[in-house]
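Numbering of ligands and ligand atoms starts at 1, following listing order. Here, residue 1 is the first one in the sequence, and each next residue gets the next number.
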Amino acid sequence: MTYTEPAWAKLNLALDILGKRADGYHELRMVMQSIDLADQVTVSPQPEPGCRVTSNLLYLPKDEGNIAAKAALRFFEASGTPLPGLSIDIQKNIPVCAGMAGGSSDGAAVLRLLRRLYAPEMTEEQLEEIGARVGSDVPYCIRGGTALAEGRGERLTDLPPLPPCHLVVCKPSCSVSTPELFAQVRVRKLRCRPDTAGLLRALEEQDLEGVARRMYNVFEDVLPRRYGEVFAIKGELLGLGALGASMTGSGPTVFGIFSDREKAAQAAETLSGQYAAVHLCRPVQREIKS
Ligand code: ATP
């Protein structure tokens, strides 16, 4: 038997860094949104013990270096049962190293599948606790939808869904190092911060323009000059009719929010002429699962 789950990509509608903690991690405040760009994660029990990963992206790690395998190991550690034979296949559609939590989302899909198969009595809270041991974004990826993520990203509050809209997501070819960006951040020197409280009010009022106007990611403040493409894409999206545009995670992917489908499709077509990874997406709401 095989069991498959979509692993949705996430965007940051807001990403703020509040300070550095005594444990060395940064204190974050992020508004997260799942979108319908997804990897397909398939788990199949095998007679031989051990966990093997396959993927259409041949360079992804096949062992514990793959977040999907790490999630399986943490799941069986937490449930106190030996790791059974498992094969995990990942059909990768989410760009890698893009700030869209692709790996974390694969890990989260594995955890949801393993709970379904081996521990249906496990609560979502317990599953999210295991997820936090796999990676900071994994608890959010387990639940998905629209959520406020605080702490390292593991303290979650569900939010009203992003109103219906169209998202143009564009990843330039440059790649950004997350540790390098964190090292650049001096919290007191940040010139611009997202209006997270205003964004949460706009979500409450289902005011799409209000949300789009308030989006911001503090990493944009410290991006080295060589990532000029990020700002070029942002400018293009706004010029093509986006209500707002922002970088997601530690980049380099940029997205724009559109209320009008035609304008969004036109913008996606225009950007596809210049960039290899352009996607026209819709937001995905949280699936309520017991
Ligand atoms: P985030 O938004 O959480 O910062 P990201 O989108 O920038 O993540 P990912 O694509 O999730 O980055 O992960 C990138 C790194 O993790 C790569 O070095 C890749 O080899 C490794 N990795 C391990 N497992 C996976 C996986 N299942 N999918 C993608 N990358 C993986």
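- By the 4.0 Å N-to-carboxylate-O rule, Arg29 lies too far from Asp16 to be salt-bridged with it.
- Close N/O approach between Met100 and ligand 1 is found [any backbone or side-chain N/O within under 3.5 Å].
- Of all protein heavy atoms, the one lying nearest to atom 29 (C) of ligand 1 is Lys92 NZ, 3.4 Å.
- Atom 16 (O) of ligand 1 is not flagged as protein-proximal [any protein heavy atom, distance under 4.0 Å].
- When only interatomic distances are considered, the shortest N/O to N/O separation between Asn66 and ligand 1 falls below 3.5 Å.
- Looking at Asn66, its side chain does come within 3.5 Å of a backbone N or O of Pro61 through a donor-acceptor pair.
- Within a 6.0 Å radius of CD in Glu121, more than 12 heavy atoms belonging to other residues, nucleotides or ligands are found.
- Here Asp36 does not pair with Arg282 in a salt bridge; the nearest charged N to carboxylate O distance is not below 4.0 Å.
- The shortest non-hydrogen separation linking Cys174 to Pro252 is O-CG, 3.1 Å.
- When Ala9, Gly99, Pro252 are ranked by how near their heavy atoms come to atom 7 (O) of ligand 1, first place goes to Gly99.
- Looking only at heavy atoms of the protein, atom 2 (O) of ligand 1 is closest to Ala101 N, 2.9 Å.
- Less than 4.0 angstrom separates some heavy atom of Asp106 from each of these atoms of ligand 1: 26 (C), 27 (N), 28 (N).
- At a 4.0 Å heavy-atom cut-off, ligand 1 touches Leu60 through the side chain alone.
- Val138 and Ile94 fall into different hydrophobic clusters, where Ile, Leu, Val, Met, Phe, Trp and Tyr residues are linked whenever their side-chain heavy atoms come under 4.5 Å apart, directly or through other members.
- Within ligand 1, counting atoms from 1 as listed, the ones closer than 4.0 Å to a heavy atom of Ile90 are 27 (N).
- With Asn217 as the partner, the side chain to side chain contact (heavy atoms under 4.5 Å, CB included) test is satisfied by one option alone out of Leu15, Val230, Val254: Leu15.
- In terms of protein heavy-atom proximity, atom 23 (C) of ligand 1 is closest to Gly65 O, 3.4 Å.
- Within a 6.0 Å sphere centred on NZ of Lys263, heavy atoms belonging to other residues, nucleotides or ligands number 12 at most.
- Salt-bridge annotation for Asp195 and Arg213: absent, with no side-chain N of the basic residue lying under 4.0 Å from a carboxylate O of the acidic one.
- Proximity to Ile67 (heavy-atom distance under 4.0 Å) selects the following atoms of ligand 1: 23 (C), 24 (N).
- Nearest heavy atoms, Met215 versus Ala245: CE-N, 3.6 Å.
- Defined by atom type and a distance below 3.5 Å, a donor-acceptor pair is present between the side-chain atoms of Gln46 and Ser87.
- Ligand 1 has a nitrogen or oxygen under 3.5 angstrom from a nitrogen or oxygen of Gly103.
- With a heavy-atom cut-off of 4.0 Å, Ala68 does not touch ligand 1 at all.
- With contacts defined as side-chain heavy-atom distances shorter than 4.5 Å, the pair Met247/Leu223 qualifies.
- Under 4.0 angstrom from ligand 1, there are no non-hydrogen atoms of Ile94.
- Heavy atoms of Ser105 found under 4.0 angstrom from ligand 1: none, in either backbone or side chain.
- Counting only heavy atoms of the protein, atom 4 (O) of ligand 1 lies nearest to Ser250 OG, 4.3 Å.
- Protein heavy atoms are absent from the 4.0 Å sphere centred on atom 21 (C) of ligand 1.
- For Asp39 (side chain) and Asn93 (main-chain N/O), a donor-acceptor pair under 3.5 Å exists by modelled atom type.
- The shortest contact between atom 3 (O) of ligand 1 and any protein heavy atom is with Asp137 OD2, 3.0 Å.
- Distance from atom 14 (C) of ligand 1 to its nearest protein heavy atom, with residue and atom name: Cys97 SG, 3.5 Å.
- Under a 4.0 Å criterion applied to the non-hydrogen atoms of Pro61, ligand 1 contributes the atoms 20 (O).
- Within the 4.0 Å heavy-atom criterion, both parts of Val96, backbone and side chain, lie near ligand 1.
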